[in-house]
Q: 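The structure that follows is given in the form of structure tokens.
Below, read A as the first sequence line, B as the second, and so on, with proteins coming before strands; counting in each chain starts at 1. If you're wondering where the values come from, they're calculated on a predicted model, not measured in any experiment.
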2 protein chains.
Amino acid sequence: MDTETPGTAAVSADSARDLAELFRALADPGRIRIVGALADGRKNVGELAAAADLSESAVSHHLRGLRLMRLVRTEKEGRHVYYTMDDEHVFEIFRCGLDHVHHR
Amino acid sequence: MDTETPGTAAVSADSARDLAELFRALADPGRIRIVGALADGRKNVGELAAAADLSESAVSHHLRGLRLMRLVRTEKEGRHVYYTMDDEHVFEIFRCGLDHVHHR
DNA sequence: TTTACATATGAATAACTGTTCATATGTTTA
DNA sequence: TAAACATATGAACAGTTATTCATATGTAAA
């Protein structure tokens, strides 16, 4: 037995890494506003840039990260790319946090 | 009217900042393990260092941040300092995330 | 009252993150 | 076809973060 479980159930190193990564995905004001905008339905990069008050390049970089984590999904339409939230549970954590920030 | 609300309810810049800060508090594997250990009841710095597999100094630095955000509370006892979670809602968000990481 | 212990903290540093800028690709419009 | 548009991406840079190390403070034990 290793040093990982000192008595009662602790968070394993692996779970801790995964969970931290998940929270990190939401740990930026720009990404919060992007996800908040997507709460309202699918949006393209330009619309998200306007909603988050960021350059389209910055938004595109953020979306790349969210895409790699499979938190969002894309639909190409002509020269636009529409983004949609693709992880209901993360979306729920987001709403949960938003509640917290609003009610106090 | 400013550029902040493009149609439906968006996340304000202020809420986005606060919410990102909240998620950032949990966006580190060490802090995740610290909070996970505190789920089990109050712990002193040495116990938390063992649980999180970090130096006591590193843990102390993390605890300072959590303290400043009023996410944890302290009780001095002799030469030990015991830490307790002090924000039930953040704790709930933590558990919510942990569920997500475990069930899949 | 020394000595060891538990915790806190500042400084230094290495790694990471978010933004901008330049540029590339593919699509529509003129 | 040429020009404008929408998006993506790599490089560079500035700012932030997590850790370690040295050190300080206060408490308990010898």
Q: Which sits closer to the 5' end of DNA chain C, K76(A) or G30(A), going by the nucleotide each is nearest to?
A: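 Residue closer to the 5' terminus by nearest nucleotide: G30(A).
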Q: If you measure from the Lys or Arg side-chain nitrogens to the Asp or Glu carboxylate oxygens, is any gap between R42(B) and E47(B) under 4.0 Å?
A: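 Looking at R42(B) and E47(B), the cut-off is not met.
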Q: By the definition side-chain contact (heavy atoms from CB on, under 4.5 Å), identify the one residue from V101(B), D99(B), V35(B), D28(B) that meets it with L19(A).
A: V101(B)
Q: In the structure I gave you, are the side-chain heavy atoms of L22(B) and I93(B) within less than 4.5 Å of one another anywhere?
A: yes
Q: Take atom CG of L48(B) and atom P of dA6(C), then tell me their distance rounded to the nearest Å.
A: 14 Å
Q: Are E21(A) and M69(A) side-chain neighbours, meaning at least one heavy-atom pair lies under 4.5 Å?
A: yes
Q: With no hydrogens and no angle check, is any side-chain donor or acceptor of R33(B) less than 3.5 Å from a backbone partner on V11(A)?
A: yes
Q: Quick check on dT19(C): is either OP1 or OP2 less than 4.0 Å from any side-chain nitrogen or oxygen of S55(A)?
A: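 No.
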Q: Mind checking what makes ring-ring contact (aromatic ring centres under 6.0 Å, His included) contact with H80(A), not counting sequence neighbours?
A: none
Q: Quick one: closest heavy-atom pair of F23(A) and F94(B), and the distance?
A: CZ-CA, 4.1 Å
Q: Shorter than 3.5 Å, N or O on both sides, protein versus nucleotides 12-18 of chain D: list them out with atom names.
A:
residue: dA18(D); atom: OP1; partner: R31(B); partner atom: NH1; Å: 3.1
residue: dA18(D); atom: OP1; partner: R31(B); partner atom: NH2; Å: 2.9
residue: dA18(D); atom: OP2; partner: R31(B); partner atom: NH1; Å: 3.4

Q: Using a cutoff of under 3.5 Å, can you pull out all pairs of nitrogen or oxygen atoms linking the protein to nucleotides 7-14 of chain C, with atom names and distances?
A:
residue: dT7(C); atom: OP1; partner: V45(B); partner atom: N; Å: 3.2
residue: dT7(C); atom: OP1; partner: V81(B); partner atom: N; Å: 3.3
residue: dT7(C); atom: OP2; partner: G46(B); partner atom: N; Å: 2.9
residue: dA8(C); atom: OP1; partner: Y83(B); partner atom: OH; Å: 2.8
residue: dA8(C); atom: OP2; partner: S60(B); partner atom: OG; Å: 3.1
residue: dA8(C); atom: OP2; partner: Y83(B); partner atom: OH; Å: 3.4
residue: dT9(C); atom: OP2; partner: R64(B); partner atom: NE; Å: 3.4
residue: dT9(C); atom: OP2; partner: R67(B); partner atom: NH2; Å: 3.0
residue: dT9(C); atom: O4; partner: S57(B); partner atom: OG; Å: 2.8
residue: dG10(C); atom: O6; partner: H61(B); partner atom: NE2; Å: 2.9

Q: Please tell me if the side chains of R31(A) and L26(A) come closer than 4.5 Å, counting only heavy atoms from C-beta onward.
A: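 Result no, sub-4.5 Å side-chain heavy-atom pair not found.
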